[in-house]
Amino acid sequence: MLKIGDQLFNSRLLLGTGKYPSFEVQKEAVRVSESEILTFAVRRMNIFEPTQPNFLEQLDLSKYKLLPNTAGAKTAEEAVRIAKLAKASGLCDMIKVEVIGCNKSLLPDPVETLKASEMLLEEGFIVLPYTSDDVVLARRLEELGVHAIMPGASPIGSGKGIVNPLNLKFIIEQSSVPVIVDAGIGSPKDAAYAMELGADGVLLNTAVSGAKDPVKMALAMKMAVEAGRLGFEAGRIEEKEYAVASSPKEGMVTS
Amino acid sequence: MTIQLNGLHVEIPENIRNVDDLLKHYQLENRIVIIELNNEIADKSKYTELPIADGDKVEMIHFVGGG
């Protein structure tokens, strides 16, 4: 079970809700993923079309935990404002702190992320910061008291997979709160790899919503996360330089 | 009267007196929407008590798909 704050989740796959080809495809992808935590962004309504359908309003909210993000924020203060708006909905107490510091790489601003996390903890939020794979920053966030650390595998939406498995491993080893690998996952092997490294969960969006068949990919990601977790728990064999025969050396028929 | 709604200057009927009226005007009373009135988050239970006046700055916020 994945435990964030005092809440338990069966699924270790967290799913983003952006950029699906249609609500129908999205609903089915969310269903087969068996994700229990869904991320959302906080935005102004289009007041010229206020009654247009909204995905969130089509969900059975008793089945899901909402994890709004602070995407769009460039400073800690902006992130706090977005988080408070999200909480005012009365639908959530978790917040994904996302303070972007570089428009090209969409990498998080470490200083503002730390500051925003501290402010939001004081406000009583369940705080899950999206961070780079910096090991010391992850430790500093944990020392603040965040409820999970969410290091990126590679830049948001890049699908490049895990570019620095060593850093992720260090973060996972040192952390006593859940580590959820967030952003950059491209294919099921990336999700399985993150889990094999010992991550507590994986958060992805584009890898599913941008796939040729998002529903099938959602299922693949669910299975990959489960397989990776089982593999981690089972304990993989050590790598060796040369072959080690699986069949007995005694009683060879050919000698 | 004219209010600033989501960054735009918008003309709304004079009979809109409070936040509750404003939501009904836009047919949003049963939707998931968060209101910020003059930079303060509006308490859902007090929509009928929060007056809307000419020149007010209103933000209508909701959740959209995102990662």
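To find a chain, count down the sequence lines: A is the first, B the second, and so on, and within it residues start at 1. Side chains are part of it too, since the values below use all heavy atoms of this structure and drop only hydrogens, waters and symmetry mates.
Interface remark: B/Ile41 contributes side-chain atoms only to the contact with chain A (heavy atom separation under 4.5 Å). Neither the backbone nor the side chain of A/Ala183 has a heavy atom closer than 4.5 Å to any heavy atom of chain B. For A/Ile82, no part lies near chain B; criterion is any non-hydrogen pair under 4.5 Å. Residue A/Leu91 touches chain B through its side chain alone, counting heavy-atom pairs closer than 4.5 Å. Of the two parts of B/Ile34, only the side chain, counted from C-beta on, holds a non-hydrogen atom closer than 4.5 Å to a non-hydrogen atom of chain A. Only the side chain of A/Asn69 comes within contact range of chain B, with at least one heavy atom under 4.5 Å from a heavy atom of that chain. Using a 4.5 Å cut-off between heavy atoms, A/Phe23 does not touch chain B at all. There is no contact between A/Gln26 and chain B, counting heavy-atom distances below 4.5 Å. If you measure heavy-atom distances from A/Lys96 to chain B, the contacts under 4.5 Å come from the side chain alone. There is no contact between A/Ala71 and chain B, counting heavy-atom distances below 4.5 Å.
Around CE of A/Met223, the count of heavy atoms belonging to other residues, nucleotides or ligands within 6.0 Å does not exceed 12. Enclosure of atom NZ in B/Lys44 by more than 12 non-hydrogen atoms of other residues, nucleotides or ligands within 6.0 angstrom is indicated. Heavy atoms from other residues, nucleotides or ligands lying under 6.0 Å from NZ of A/Lys19 number 12 at most.
In this structure, A/Lys216 has no salt bridge (Lys or Arg N to Asp or Glu O under 4.0 Å) partners at least two apart in sequence or on a different chain. Under the salt bridge (Lys or Arg N to Asp or Glu O under 4.0 Å) criterion, A/Glu123 pairs with A/Lys84, sequence neighbours left out.
When each of A/Leu38, A/Leu67, A/Leu85, A/Leu14 is scored by its heavy-atom pairs under 4.5 Å with chain B, the top score falls to A/Leu85.
Side-chain atoms of B/Asn6 come within 3.5 Å of backbone N or O of A/Met45 as a donor-acceptor pair.
In terms of heavy-atom proximity, A/Gln52 sits nearest to B/Arg31 at O-NH2, 2.9 Å.
Counting only heavy atoms from C-beta outward, the side chains of B/Val33 and A/Asn54 never approach each other to under 4.5 Å.
For the atom pair CD1 of A/Ile47 and CG of B/Leu28, the computed distance is 10.5 Å after rounding to the nearest 0.5 Å.
Inspection of non-hydrogen atoms places B/Glu59, B/Met60, B/Ile61, B/His62, B/Phe63, B/Val64, B/Gly65, B/Gly66, B/Gly67 of residues 59-67 of chain B under 4.5 Å from chain A. Using non-hydrogen atoms only and a strict 4.5 Å limit, the part of residues 7-14 of chain B facing chain A consists of B/Gly7, B/Leu8, B/Val10.
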